[in-house]
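Working notes, structure below.
What you are looking at is a predicted structure, and each value in this text was computed from that prediction instead of being measured. Reminder, nothing fancy here: chain letters follow the sequence lines and each chain counts from 1.
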Amino acid sequence: MELRIDRTLVERCRALAAAITAPVSDFIAAHSTVAVERSALRLLGVDGVGTNEVPVPNLIIDSLTPEHRAHGVALSFGRALAETGLDPLALGEAIAAGTLTLSQFAQTPDEAARGALRPFVEAALARVRAHRAEREQRLAELPQLPPPLLYVIVASGNIYEDRTAAVAAAEAGAQIIAVIRSTGQSLLDFVPYGPTTEGFGGTYATQENFRIMRSALDEVSERLGRYVMLTNYASGLCMPEIATMAAIERLDMLLNDSMYGILFRDINMKRTFVDQHFSRMLNAYSGIIINTGEDNYLTTADAVEQAPAVLASQFINEEFAHSAGMPDRQIGLGDAYEINPDLEDGFLYQVAQAQLARQIFPNAPLKYMPPTKHMTGDIFKGHLIDAMFNLTSVMTHQTIHLCGMLTEAIHTPFLADRALALENARYVMNTARHFGDEIVAKPNGVIERRAQAVLADCSALLERVADLGLMHAIEAAVFADVSRAPDGGRGFDGVFARADDYWNPFESALRQQGDAYVPAR
Amino acid sequence: MELRIDRTLVERCRALAAAITAPVSDFIAAHSTVAVERSALRLLGVDGVGTNEVPVPNLIIDSLTPEHRAHGVALSFGRALAETGLDPLALGEAIAAGTLTLSQFAQTPDEAARGALRPFVEAALARVRAHRAEREQRLAELPQLPPPLLYVIVASGNIYEDRTAAVAAAEAGAQIIAVIRSTGQSLLDFVPYGPTTEGFGGTYATQENFRIMRSALDEVSERLGRYVMLTNYASGLCMPEIATMAAIERLDMLLNDSMYGILFRDINMKRTFVDQHFSRMLNAYSGIIINTGEDNYLTTADAVEQAPAVLASQFINEEFAHSAGMPDRQIGLGDAYEINPDLEDGFLYQVAQAQLARQIFPNAPLKYMPPTKHMTGDIFKGHLIDAMFNLTSVMTHQTIHLCGMLTEAIHTPFLADRALALENARYVMNTARHFGDEIVAKPNGVIERRAQAVLADCSALLERVADLGLMHAIEAAVFADVSRAPDGGRGFDGVFARADDYWNPFESALRQQGDAYVPAR
Amino acid sequence: MSRPVKPYGDTMNDGKVQLSFALPLDWSEAADEAARQLVAKMGFTDVQVVEGRPIARGFSTFVVYASTPQTIDVDAVKAPSVKTHAMSMEEIDAYVREHLGRKIRIAGACIGTDAHTVGIDAILNMKGFKGNYGLERYQMFETFNLGSQVAAEDFVRFAKEHAVDALLASQVVTQKGSDIKNFTALVELLEAEGLRDRVVLICGGPRVTNLMASELGYDAGFGRGTVPSEVAAFVATSLAGMNARGR
Amino acid sequence: MSRPVKPYGDTMNDGKVQLSFALPLDWSEAADEAARQLVAKMGFTDVQVVEGRPIARGFSTFVVYASTPQTIDVDAVKAPSVKTHAMSMEEIDAYVREHLGRKIRIAGACIGTDAHTVGIDAILNMKGFKGNYGLERYQMFETFNLGSQVAAEDFVRFAKEHAVDALLASQVVTQKGSDIKNFTALVELLEAEGLRDRVVLICGGPRVTNLMASELGYDAGFGRGTVPSEVAAFVATSLAGMNARGR
Ligand code: B12
Ligand code: B12
Ligand SMILES: Cc1ncc(COP(=O)(O)O)c(C=O)c1O
Ligand SMILES: Cc1ncc(COP(=O)(O)O)c(C=O)c1O
């Protein structure tokens, strides 16, 4: 069902998004963050924890003086490598143990330092490329079912219980498994270490946990003959590090939004902008599909009213992703089925919104979130609302489909809830498989007019943001009714201006390959 | 969503239906049945039961010799009235008690006998008209919610439990209540008497039970400010008598099919044809909407394959109803949502079929039956299948909507099951209220082609039936794969040829008013 | 060995169960609390009334999640399956040829007042069920489908007159225990007629389990989702066994 | 008086209940039977396993209908409602003017690690809930919304410093009993600080009941579907009562 929408307005919105992000990109180019620097170390091979379970990358970066870190950690780490002959892991451990400090190495000329780093940089990039290639190969051998790709969450807090749940979900038909993070992890300025069994409303994102899940899912993928994808959450204070870990452990997707942390977690906006850029460059290179968080606009505010804001955020996320070198096929823009179920013709508005996104972002693997806010203890009605969501998704060709749970208002999903959710999606999507292709919206009817109105309001909103500038617009509470100051929020002290000779070997490597790289589908 | 269908093919089907029913109508005009005669007595005011609970109308008709009944019971009953001076009720009781026999009265000239009957005939017709007027008035004062009219069944076997259930269902949103009949009642050649509390899988249809339900529903209608309709089952060996009782007790609808009893209950076809005609004349006069039983074709056979048979039956039912003087607005043609839920695009075929019926019978209050055959003990999936059915119904503007029960495969509905079913329908129909009006089927797409194919196959089927003649076609198992012989089946001995001077005062009265009468909406 | 098992929500042995029911009460907070206490009285712990609402005057409905302390020892559960011999139609025909050397005569009916023939037809008719051909299609079965609402007397008389080897009785309506009544009547009549030991007696229907069937005195019971070859295999192997034991 | 009540299927006192649960077992007929026996062990009679199917390796799910013999005496169920004083915003403002003669100072927060502010915001924000204005809109309430993830210590300190009359604590996350833990911590701290008797203490959230609140030592608890005026009326009347008793 193609809607007639004003293409010039769409172009206008894209131009506005470019105008809005351009000054932010200038800011990004001139800054780095502690998380970006820690990511560079992790990519080089630094890992492990020191005293008090503090990760080695944190210990190293925290040991730098502000002047020092303005140049980037890489060069001085390269000097240390050259002078000690240690490998990055051992060097990191030594620094963590306090037997060495980076500041003691100053002899090696820049070129030699870069030379000492080069093999590790290349090894890291090769490793990421190898994982990407492995994903592509597995996908070719174990083809997925056609989209909407059914996505469910596991959230027990214990990675081993999560593994049981994930395998069961895959067997029940899930094509993507997300491990929900423990409450508050996005506000930690470090990544926990090792396998974890005590999360709160979710399980910590750690590299070891990633590995445990990836290997369980690889096993079940082979058994089922279809590749089951793994996803986790990047946005937060450690966005670039989680992107790094995900690249290394072959996650397939990551939640990654250019503004979510700012608006919904009160993370400093400058920190977020810089972090999202680096993490997306890496995601692009890893072939990881990002999932943006527009659904969050709808959990607190009315979905009918917020529709233009959702679309505006999609344009901005798209533009930021493009400028990090991401191809459309890796940009999983978000939306959610959150209109009040008791609104007359609410389904028509949902269809309009979903189809609008589909047409404006034809090559993006759209991520469609299920009803949550209006779900209640009435599991029978909840199951029906989920069914209408499933119908909307298959009709409008959404790509990444989060299955709604009939127990959404009650508890994090039981194993059987996930099975019911998957059965719901499979039933509805099969019985109405080509329905969307076999109907046309009435010209100038309710559906088309709604889509046009949302687009028009979105462009007005973007005009306003462009006028104010993105940072000031956020301060003026243009998004989600939330006001954030440019220098307020968490993690601001981890943002710093780059010295003229700032250098991050990965950034340059990724940037070179960036735009050119097109991951296979 | 208007489908482009071949109007000349529709006209051809109507012409075929007329050709098919014409010879049957000739047969009908030349015959009567014991049930028709008993109905005449009931209309005159005969009621009650004699020894062994045998209804007085049965006792009287059974007391007639074949020669006698060929003239119709009315004239001799009129003679007895004239000669005894009793009223019909008392006369009936006297005959039942054995103190009088109709054959003893032979003195009165025909005209005087007719004269003796006239006041009772007129009183009966006036009473029926008064009920019709009362319905219209109540509907005006207590307007119904717009269609699809939500219809649920009660089936406890006990009329008092049924009453509780019916009132609760009305409060939960039901607009039509059907009391399911006890198993096997359709095969009884008499109507049970009085209030009943022991039915099997349903509750006996008796006049007293009708009265109990009607008065309970009138009360709740007033309380809720909307008229709640009552329906029951006519088809079976007592079709005309149940129509009579329904007219007197102001039921609003009746299940009444011109072939259901033949095919699915092995009732003799001649009996059924004659009975359905008289009952429909009376239904027309009473303003009662009939519900036909095409859904039954789908409970044993595949719904995709049987679609043309369903449509063919709708054409035949329509034509029989027209020839009994029914206006379109009283002809509730049936269909059901019975396609295998696991068939890819099954929903599209259901939409095609429902919309096809809607367009071919634009003024008929279509009756849409829920999924039953493919329902299982998985109540969660069942609830979803019902939701897709509800969606189809509201999209295609069905009029009489039987709510599907999530426990269909388990038990006759619990009180809470009905509430869930009504909530399901209300949710889906509200959230997608105008969806059907806001979309167009893709020209020459799957939906349109399916509708066209069903119509084409239906016309081929009707051609075949017209060639064979309806009775022989039924014998040749053209419908529902069931073969019935013209003189086989139950109740054949109750069919008889009319003598030249056969007379039934109601038939003539109804026929006079027949075509002209148009009940208000 | 003992293998105690509990319902599983999201953690082994959490005992989580979902319940729903109506109470003949107007809804109020007290009705929610009554629902909670009622479920606690049933022996559940951690009772959460997650939904309670009025559905009519004098009636409310509830959705509850709770934990049961009960366990079931799975290893002690006896439920012998009748679907053990997985054979194709061809294999079964070959088996009958080899072990019996003649056609099996089999009669099926919907007994009592039950008129739900779709299930028994699915087993008997040519067409079969879920792509699995019905017994009429088997070369080594002679099949009699007596249809619906067959009185036990008529069924037994038919079996006698036609020297039937196996009887298939179907019951779909279960209201007020009518299925049990009708199944029992049939088996008693067969015994009274001295026929019981000479036939394979099978019942079926959506609520039938093999366990219930054997408790009622049947050789086997087949429930929802049965396909014809499962029944054919059971009949063939049972008759071969009876033959071997020299019935 | 005693008024015993049972679940209602389609007949008074039939005790019908629907259950569903998963078992950590591969599906088989024996698993169905295990489910049946388990539900029988829970004390139900007439147990019908109407659905059983595998949902993953080692897991099956079941739908069961059964009858419970348990009854609940509705008249013995104590669940005092807090929503007794139905008043409009105007009426409440007038009531406060008359009975207290000053503005009520009220503070709300999502305590502990809970970040679900939508519920408490629905009570406090101007806009309110379901067309019922929030407390900020009341002329006679001075409202402080402390937001999310407020530690009990900070909440109590704020209450002290701002001479708050009423505290509203919200908990939406209930996993592993975190709501009970946080609510308890708050009331204990208030007692320790000697503040408990000087404030109206209210909790709320989708799983909160008034009964549970009073068991935890709160003056009232508000559950799902609460509208602001219900809370405002309770606070106003309680404070008037405390005033009258001379707090
Ligand atoms: C189709 C149907 C009808 C059709 C039957 C047509 C026909 N010729 O069979 C019609 C419309 C006539 C009908 C009528 C009635 N029905 Co009806 N009907 C159904 C329905 C929708 C489907 C049944 C079905 O065909 N299932 C498909 C078959 C393939 O499954 P199955 O029967 O389980 O059979 C399988 C297995 O069980 C097994 N099997 C079955 N029998 C046997 C026997 C042997 C020997 C073996 C080995 C295996 C075996 O193998 C089969 C294949 O796997 C069910 C609801 C449902 N979805 O289940 C209600 C249902 C069975 N009907 C019901 C009722 C109450 C009635 C009526 C009494 C209603 C009334 N008052 O008029 C009447 C009376 C009929 C009567 N006298 O028995 C109730 C029964 C309630 C109960 N538990 O007691 C049900 C559950 C609906 C409901 N919720 O109210 N019905
Ligand atoms: C919206 C939402 C979110 C939003 C919250 C945004 C925000 N600013 O509030 C976001 C996306 C951030 C979120 C995050 C999380 N959520 Co959340 N979320 C929900 C959701 C979908 C809706 C809650 C809601 O807004 N309801 C609407 C309001 C109006 O209803 P209410 O809260 O019941 O409030 C009413 C009454 O209860 C009462 N009331 C409430 N509080 C008070 C207080 C007082 C004093 C009074 C008088 C009355 C009162 O009045 C209100 C109006 O009637 C629910 C699922 C659901 N449908 O319920 C899950 C849910 C609550 N979330 C859940 C979880 C697990 C989380 C996370 C932990 C997930 C994770 N690992 O990341 C995080 C962590 C958040 C945290 N630290 O607490 C679980 C909780 C499970 C449980 N029972 O423990 C739920 C049930 C979802 C699920 N099934 O998993 N969530
Ligand atoms: C884009 C994005 N990132 C991250 C998260 C989760 O973040 P947190 O761990 O802070 O709850 C969400 C939650 O919905 C999200 O949408
Ligand atoms: C038209 C019609 N009449 C009557 C009935 C019920 O008849 P019986 O009482 O024989 O089950 C049905 C059942 O579906 C029907 O469709």
Side-chain angles (χ1 to χ4, degrees), chain A residues 1-2 337 339-352 371 374 378-392 394-395 406 416-417 419-421 423-450, chain B residues 1-2 337 339-352 371 374 378-392 394-395 406 416-417 419-421 423-450:
Chain A
M1 50 156 14
E2 206 65 13
Y337 193 93
I339 293 179
N340 187 331
D342 298 327
L343 180 72
E344 187 173 82
D345 284 334
F347 173 70
L348 282 67
Y349 301 140
Q350 292 286 188
V351 169
H374 295 286
D378 181 356
I379 56 174
F380 297 101
K381 181 166 183 187
H383 210 42
L384 301 180
I385 305 173
D386 285 339
M388 297 305 283
F389 158 68
N390 292 335
L391 179 62
T392 307
V394 73
M395 275 174 62
L406 78 175
D417 299 340
L420 288 180
E423 285 163 7
N424 185 334
R426 283 210 308 268
Y427 160 61
V428 172
M429 291 184 182
N430 185 57
T431 195
R433 177 70 63 195
H434 299 99
F435 185 57
D437 306 335
E438 293 293 336
I439 57 172
V440 181
K442 209 166 87 181
N444 270 316
V446 172
I447 299 173
E448 215 171 73
R449 287 202 315 271
R450 168 71 185 166
Chain B
M1 54 154 10
E2 205 66 13
Y337 193 92
I339 293 178
N340 187 332
D342 297 328
L343 179 72
E344 186 173 83
D345 284 333
F347 173 69
L348 281 68
Y349 300 140
Q350 292 286 189
V351 169
H374 295 286
D378 182 354
I379 55 174
F380 297 101
K381 180 166 183 186
H383 211 41
L384 302 180
I385 304 174
D386 285 339
M388 295 306 283
F389 158 69
N390 292 336
L391 179 61
T392 307
V394 74
M395 275 174 61
L406 78 174
D417 298 340
L420 288 180
E423 285 164 5
N424 185 334
R426 283 209 308 268
Y427 160 60
V428 171
M429 291 184 183
N430 185 56
T431 194
R433 176 71 63 196
H434 299 100
F435 185 58
D437 306 335
E438 293 294 336
I439 58 173
V440 181
K442 208 166 87 180
N444 269 316
V446 172
I447 298 173
E448 213 171 74
R449 287 201 316 271
R450 168 71 186 166

Side chain / backbone / both / neither for [X] at chain A, heavy atoms under 4.5 Å:
X	result
B/Leu406	side chain
B/Asp378	side chain
B/Met429	neither
B/Ile447	both

Partner residues of A/Phe435 under the ring-ring contact (aromatic ring centres under 6.0 Å, His included) criterion, sequence neighbours left out: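 Once residues adjacent in sequence are excluded, the partners of A/Phe435 under the ring-ring contact (aromatic ring centres under 6.0 Å, His included) criterion are B/Phe347.
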Report yes if some heavy atom in the side chain of [X] is under 4.5 Å from a heavy atom in the side chain of [Y]; otherwise report no.
X	Y	value
A/Asn430	B/Asp345	no
B/Leu384	A/His383	yes
B/Tyr427	A/Ile385	yes
B/Met388	A/Thr431	yes
B/Leu420	A/Lys381	no

Residues which pass side chain to side chain contact (heavy atoms under 4.5 Å, CB included) with A/Val446, listed by chain and number, not counting sequence neighbours: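 Only A/Leu348, A/Tyr349, A/Arg449, B/Glu438 meet the side chain to side chain contact (heavy atoms under 4.5 Å, CB included) criterion with A/Val446.
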Among the listed options A/Asp437, A/Val428, A/Ile379, the residue most often paired with chain B at heavy-atom distances under 4.5 Å: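 Most heavy-atom pairs within the cutoff with chain B belong to A/Asp437.
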Nearest-0.5 Å distance, NZ of residue A/Lys442 to CD1 of residue B/Ile439: 10.5 Å
Contact origin within A/Asn340 toward chain B - heavy atom pairs under 4.5 Å: neither
